[in-house]
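Worksheet: the structure to be examined is printed underneath.
Reminder, nothing fancy here: chain letters follow the sequence lines and each chain counts from 1.
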Amino acid sequence: MLQQTQVATVIGYYQRFMQRFPTVAQLAESPIDDVLHHWTGLGYYARARNLHRAAKIIEHEYAGEMPATQEQLEALPGIGRSTAGAIRALAMGQHASILDGNVKRVLARFHGIHGYPGETRIAKELWRVAEAHTPKQHTAAYTQGIMDLGATLCVRRKPNCPNCPMLKRCEAERSGTSAQLPSPKPKKAKPVKASRFFIVSLPNKATLLEQRPMDGLWGGLWTPPERNPETTTEAFLDELSLTPEHLGEQINDQTFRHTFSHFHLDVEPIYLRLKQAPLHVADNAARWVNPTQIDAENEPLGLSAVAVKLLATQPHPQRALEL
DNA sequence: TAACCGTGGGC
DNA sequence: TGCCCAAGGTT
């Protein structure tokens with residue numbers, strides 16, 4: 001959960017997740033929909049799918065016993081070099097190194113390492129000094145200490161240098177470059193994509209959701225049907241084996257922009273209220289769900305933030321058109 | 001190597 | 001408001 005996600009954001013999710021899945025065995029036995037439901041809103045949903053897969057591997061390949069070597073841990077889905085090092089150093093007391101955002105910042109400043117840390121050459125240099133500093137005794141305390149140094153004093157903006165215990169040995173302090181380190185990511189223009197979401201509801205408020213493929217954006221989550229902007233209402237209804245006579249009301253809500261890490265998505269919401277339910281929905285990856293019950297634990301489905309917004313902010317019905 | 005993967009905090 | 005970034009990893 002903590003990968004690329006701030007601690008304060010994680011805490012609530014962690015507590016609810018651990019209450020629902022207290023052991024590796026219970027996580028491994030649970031349906032993926034329930035796992036993703038508890039991940040809803042956290043983002044990077046591959047982490048949830050990988051954690052679920054890793055629990056199954058630990059249960060079935062390691063007899064429920066957590067593997068303890070760097071190689072075995074890195075072989076688990078979702079665990080890379082840094083997370084494996086964190087598990088070994090913090091949970092197992094082994095001699096192992098980590099390199100998270102905090103440690104990168106502390107080391108880049110302490111050694112005056114210029115260049116974007118995502119660049120291979122810079123990353124190799126950071127890993128080299130990270131391992132060189134890691135003591136063989138008290139590894140867990142050192143590891144927590146250097147992370148906390150980055151989280152409390154050596155912060156990204158306006159670091160508290162006067163109170164830093166490493167001040168006299170800090171290269172960025174000597175050269176006055178702490179404000180420029182670590183070097184920022186080279187910026188690139190974000191492409192803009194557009195898509196149309198059809199929010200189809202029945203008189204009893206049940207709303208149609210589709211499960212997305214397990215890979216790609218919002219993999220495994222459920223959203224209202226997403227189609228390209230050329231898809232007309234008639235074509236979409238025809239896809240559901242519905243005729244325009246089933247349609248009670250259509251509201252084309254205001255397009256809004258959702259910003260991701262690497263692109264923008266212009267969302268066109270189209271609300272369709274049906275007069276009567278279709279006899280069946282052919283696709284088995286589609287379900288009718290009452291939005292008010294999704295948070296009530298009896299509908300354990302993962303929902304993206306955009307899906308939550310589309311379901312929560314339904315425009316008011318137009319009386320004249322309702323019938 | 002570089003693109004991809006989400007959401008919220010903070011300025 | 002728009003931008004950068006966060007206890008990174010996978011393809």
For A:R227, is there an ion pair with A:E210 - N to carboxylate O distance below 4.0 angstrom? yes
For [X], answer base if it contacts any base atom (sugar-phosphate contacts may also be present), sugar-phosphate if it contacts only those atoms, and nothing otherwise; contact means non-hydrogen atoms under 4.0 Å.
X	value
A:T259	base
A:A86	nothing
A:S82	sugar-phosphate
A:I79	sugar-phosphate
A:R257	nothing

Over 12 foreign heavy atoms within 6.0 Å of NZ, A:K190: yes
Phosphate OP1/OP2 of [N] contacted by [X] side-chain N/O (<4.0 Å):
X	N	value
A:T83	C:dG9	yes
A:R105	C:dA6	yes
A:Y45	B:dT7	yes
A:S261	B:dG6	no
A:W39	B:dG6	no

Rounding to an integer number of Å, can you tell me how far [X] [atom1] sits from [N] [atom2]?
X	N	atom1	atom2	result
A:Y44	C:dT11	OH	P	15 Å
A:H258	C:dT1	NE2	P	16 Å
A:R47	B:dG6	CZ	P	9 Å
A:L149	C:dA7	CG	C1'	15 Å
A:I87	C:dA7	CD1	P	17 Å

Under the ring-ring contact (aromatic ring centres under 6.0 Å, His included) rule, collect the residues that match up with A:H111, sequence neighbours excluded. A:H133
Will you find, in the side chains of A:W222 and A:D33, an N or O donor that is under 3.5 Å from an N or O acceptor? yes
Answer with yes or no whether the side chains of A:T134 and A:S97 bring together a donor and an acceptor at under 3.5 Å. yes
For nucleotides [N] and [M], find the distance between their [atom1] atoms and express it as a whole number of Å.
N	M	atom1	answer
C:dG9	B:dG8	P	23 Å
C:dA7	B:dC11	P	15 Å
C:dC4	B:dA3	P	15 Å

Row check, A:Y45 ring normal vs A:R47 NZ/CZ: under 6.0 Å, within 45°: no
Kindly point out which of [options] is positioned nearest to the side chain of [X]?
X	options	answer
A:N50	C:dT10, B:dT7, C:dG8	C:dT10
A:Q144	C:dG9, C:dC5, C:dA7	C:dA7
A:R157	B:dC11, C:dA6, B:dC5	B:dC11

In terms of the angle between their ring planes, are A:F198 and A:F236 parallel, tilted or perpendicular, with boundaries placed at 30° and 60°? parallel
Just say parallel, tilted or perpendicular for the rings of A:F260 and A:H258, cut-offs at 30° and 60°. perpendicular
Does any residue of residues 2-12 of chain A have a heavy atom under 4.0 Å from DNA chain B, and if so, which ones, in number order? A:Q4, A:T5, A:Q6
Which pairs, protein N/O on one side and nucleotides 2-4 of chain B N/O on the other, fall under 3.5 Å?
| unit_1 | atom_1 | unit_2 | atom_2 | d |
| --- | --- | --- | --- | --- |
| B:dA3 | OP2 | A:K188 | NZ | 2.8 |

For the residue pair A:F197 and A:I270, establish whether any side-chain heavy-atom pair is separated by less than 4.5 Å. no
Distance-only, no hydrogens or angles: does the A:R257 side chain make a donor-acceptor pair with backbone N or O of A:D266 under 3.5 Å? no
